[in-house]
Q: 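Before I ask anything, here is the structure I am working with.
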Amino acid sequence: MLKATLRSFLAHKGRLLLSALAVLLSVAFVTGSLIFSDTVSRTFDRLFASTAADVTVSPKEDLDEAVPSGRTATLPAALAERVRRVDGVAAARADVKVNGLTVVDEENEPVGPTTGAPTLGNAWAPNERSPVKLTSGHAPRGPAQALLDSETAARKNVRVGDTLTVIAPPGSFRVRVVGIVTFTTTNPGSALLYFDTPTAQTKLLGRPGTATGISVDAAEGVGDDQLKQRVAGALGVHTYDFRTADEQAESDVQQLGGFLDVIKYVMLGFAGIAVLVGVFLIVNTFSMLIAQRTRELGLLRALGADRRQVRNSVLTEALLLGLAGSTLGLAAGIGLAAGLIELMGLLGMNIDADEMEIGRVTPVAAYGVGLGVTFVAAYLPARRAAGVSPMAALSDAEVAGVGRPLRVRAVAGGIVGAAGAAALAGCAAAGQTSSAASLLGLGVVLTLIATVIAGPLLVRPVIRVLGGAFPALFGSVGRMSQRNALRNPRRTGATAAALMVGIALVVGMSVASESMTASFDRQIDKTLGADFVIQNSNFQPFPPEVTDKVRGTDGVGLVVRGRFTPVAVRLPDGDRVETTAAGYGPRLDEVANITYTQGDSAAALASGHLAMDRDFARDHGVRVGGTLPVEFPGGRSAELTVGALTDQDSAEGFGTQGGLFFGLGTLERYAPGGQDSALYVNAAGGTGDDDLRAHLEETLDPYPQVQVRDLADYKRLVQDQIAVLLYLVYALLGLAIIIAVLGVVNTLALSVVERTREIGLLRAIGLARRQLRRMIRLESVVIAVFGAVLGLVLGLVWGVCMQQVLALQGMTALAIPWLTIVLVVVGSAVVGVVAALLPALRASRMNILAAIAHE
């Protein structure tokens, strides 16, 4: 049996090749994502471990900033002197590190990363742990000198002696580049500027004698934990945050972890799609191979092979396929990881491909996925093979699956489909986002399974409709293509299922994204009353001088400032909720249309007052007039009075939990040091919008990071952000289509082999090569469009239910992307044509006599 199995596998290796490609893609994305994330993590582990001080002292921050506030936490630089006197300290230095600078050259062109990485300003204090070394020029001396990293200098063609303008939180200033520093470790993609310490304190922090942290080096023989305890004891355990080198490195890695997780989970999403669609392809391939080998398997049974041996023979072939696909997929995954590392290099993150990290988990995952997918996909065909009777060797057996009733599928599909429909109905009726999302996920999985199970039941009615015009348009060729697609509903359903998955995903997400866009458009139309909004391109705050210059611009009538701060609110029901609150200047009603259910803007913006969303207030037992303890950054807290409740659908809460906002006076009292994140501007009387825009853009020309947006620009910004998610879904669809095409090609190729005699007879009675190719193409098109129709129906149902979940967050508009739907149907037909090219060509080149004599 083992010899027979190996010979059978080698005899059909050409037919199994496309299935092996599906396994290869699945494994490649899994291993590529693991290798890439492990390599990047290991690289940054080494970076942070080599640059972290033995002990780091930093300001105590109990609140995380979800939205940038522009506030930089500081501590007295004089603490370094106190730390130096602690027993066991070899050295202590005050650090100044400021994130989010904007730097422009003499032509007002940005100098710095364009990929989202920050531009960092630092005090120049070289030591053995510094990530850079001075390679040309000299150290900065005085407020007009700076160092720039070599990679940014090379990318932006900056040389020693050039002048740059630095736009920092306190304001902008000009410096001359007096030296270039080169990274001695991995460059995470950031641009680095270095100033002398007094300049960094005054120009970056705005406060002389301050620092963002203290780095402490341990004396010989003193452990990090021991030194941390001594320093904390000297400064006060609860006054600052104290971290050892390991703890600081772990904290830095956690901050980077979000970026790495996004890449990792995106790639695993691709792998999941490849696995799911690959299962359909492999099931179909083995089902057809077993159908074509019915007489062979019957002969094995007649010679004495039992059911178990036949089943194990088929499963052994599947495992050999999985082994080959996994091995090739592992190699492809290494190549994919290397490509991603090169891509990161183009984006400014320099990772050494020679230090690629292939952990123990990676090969285990590769072979686990590859062998697991093929085993699961081949199990049912293997069971079917074990049921072949020895008598099948004596007759021309029917193709497996043809003519067998579909009652079991009907019952199973109906039960699973009913459960899925009930879950989706529960999702639409749910009142809580968490429960609605859980029911949505359950409903999506169950309805997908139900459609796959019951798909063959839909083949005959749907394809009769889809191919109904074929006989009239293409005559007997069209009639035969339709009947070929109807010949084996199981095969047609499994082939179409691969395409169905991708299309259902993209249609569902398209409905959700289109609905989000429509909801935001409606909300912007309803709430934004300003002529223009001034914002940073990446939503970072901007220095006060921007506000001052906008106010002094010709044609400006009203400027209302807006800024953000993290807060923690203790609510009457005992919950402590951390969120982001907004602060607004007076005359808010003139630039925003806020719907209040209780109170008004005057009460909301009054000193010591705040407003919140009515649903949030109701859920936590908050009433107008009550007081709430509110914690601000830096350990400050206050008892604020609830002055107003708003309707979140129209509140300027920007989607933050609770929709909290208050007056700028309240914010500046309890969270000083922040910066404006938005300016809402109305034109003065007699000034047109076009004139005002031109004046504002001229004013803001020295600040390339700051944008002038009107209502249409604001909508476009939101649409672009949503489109990023949609592009990812389209990429997933592209992968699903690639594997679906492989599936259709495989099905048609095996079908051509299966129908060799039939094709020979058709050619003998006068069917031309061109007609034969057309017949196979039409069969492929109708199968592809059948999968598209199922995917469209499923995706529309999913999309509508997703919108119901979004509606609980205030996004109540439902929009159907009709253009996308039309393009999907047309694209499916194109996929069918492309997939049929090679099988049709092969069929048309058959020798007629050899085909008729084929067994």
Side-chain angles (χ1 to χ4, degrees), residues 2 5-6 9 13 16-46 250 253-254 256-283 285-286 311-312 314-344 351-380 382 445 732 735-736 738-739 742:
L2 180 60
T5 300
L6 292 175
F9 178 77
K13 57 182 180 296
L16 295 171
L17 177 62
L18 296 178
S19 296
L21 284 175
V23 177
L24 184 153
L25 288 172
S26 306
V27 172
F29 280 107
V30 171
T31 56
S33 62
L34 292 176
I35 292 171
F36 175 75
S37 59
D38 287 347
T39 300
V40 175
S41 297
R42 180 69 180 272
T43 298
F44 279 97
D45 285 345
R46 287 195 294 264
E250 183 180 352
V253 169
Q254 287 176 349
L256 184 70
F259 164 72
L260 296 180
D261 286 346
V262 167
I263 297 177
K264 182 176 180 178
Y265 292 133
V266 165
M267 292 188 62
L268 289 177
F270 280 91
I273 292 294
V275 167
L276 181 61
V277 181
V279 165
F280 297 126
L281 194 160
I282 297 168
V283 167
T285 300
F286 274 89
R311 183 182 66 245
N312 290 346
V314 176
L315 290 177
T316 300
E317 288 188 43
L319 292 178
L320 288 172
L321 171 70
L323 186 64
S326 299
T327 303
L328 294 173
L330 179 58
I334 294 172
L336 180 60
L340 286 171
I341 290 171
E342 290 297 321
L343 178 61
M344 290 295 104
I351 301 172
D352 190 353
D354 294 335
E355 298 182 2
M356 186 180 292
E357 185 76 15
I358 303 177
R360 297 177 181 176
V361 175
T362 300
V364 173
Y367 286 100
V369 169
L371 295 175
V373 166
T374 50
F375 182 86
V376 169
Y379 183 74
L380 287 178
V445 172
L732 288 172
L735 176 63
I738 290 172
I739 302 179
L742 295 178

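If you're wondering where the values come from, they're calculated on a predicted model, not measured in any experiment. Index from 1, following the sequence.
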Q: Between Thr39 (side chain only) and Glu357 (backbone N and O only), is there a donor and an acceptor less than 3.5 Å apart?
A: yes
Q: Heavy atoms, side chains only, cut-off 4.5 Å: are Leu319 and Leu323 in contact?
A: no
Q: With side chain to side chain contact (heavy atoms under 4.5 Å, CB included) as the test, pick out the partner of Thr362 among Ile334, Leu34, Val30.
A: Leu34
Q: Please report the closest heavy-atom contact between Gly322 and Val23, naming both atoms and the distance.
A: O-CG1, 4.2 Å
Q: What is the minimum heavy-atom distance between Asp38 and Gly359, and which atoms define it?
A: OD2-N, 4.3 Å
Q: Can you give me the closest heavy-atom contact between Val27 and Ser326, atom names plus distance?
A: CG1-O, 3.7 Å
Q: To the nearest 0.5 angstrom, please state how far the CD1 atom of Ile358 sits from the CG atom of Leu330.
A: 7.0 Å
Q: Which distance, rounded to the nearest 0.5 Å, do you find between the CG of Leu336 and the OG1 of Thr31?
A: 7.5 Å
Q: What closest approach, in Å, do Leu340 and Phe36 show between heavy atoms, and which atom pair accounts for it?
A: CB-CD1, 3.6 Å
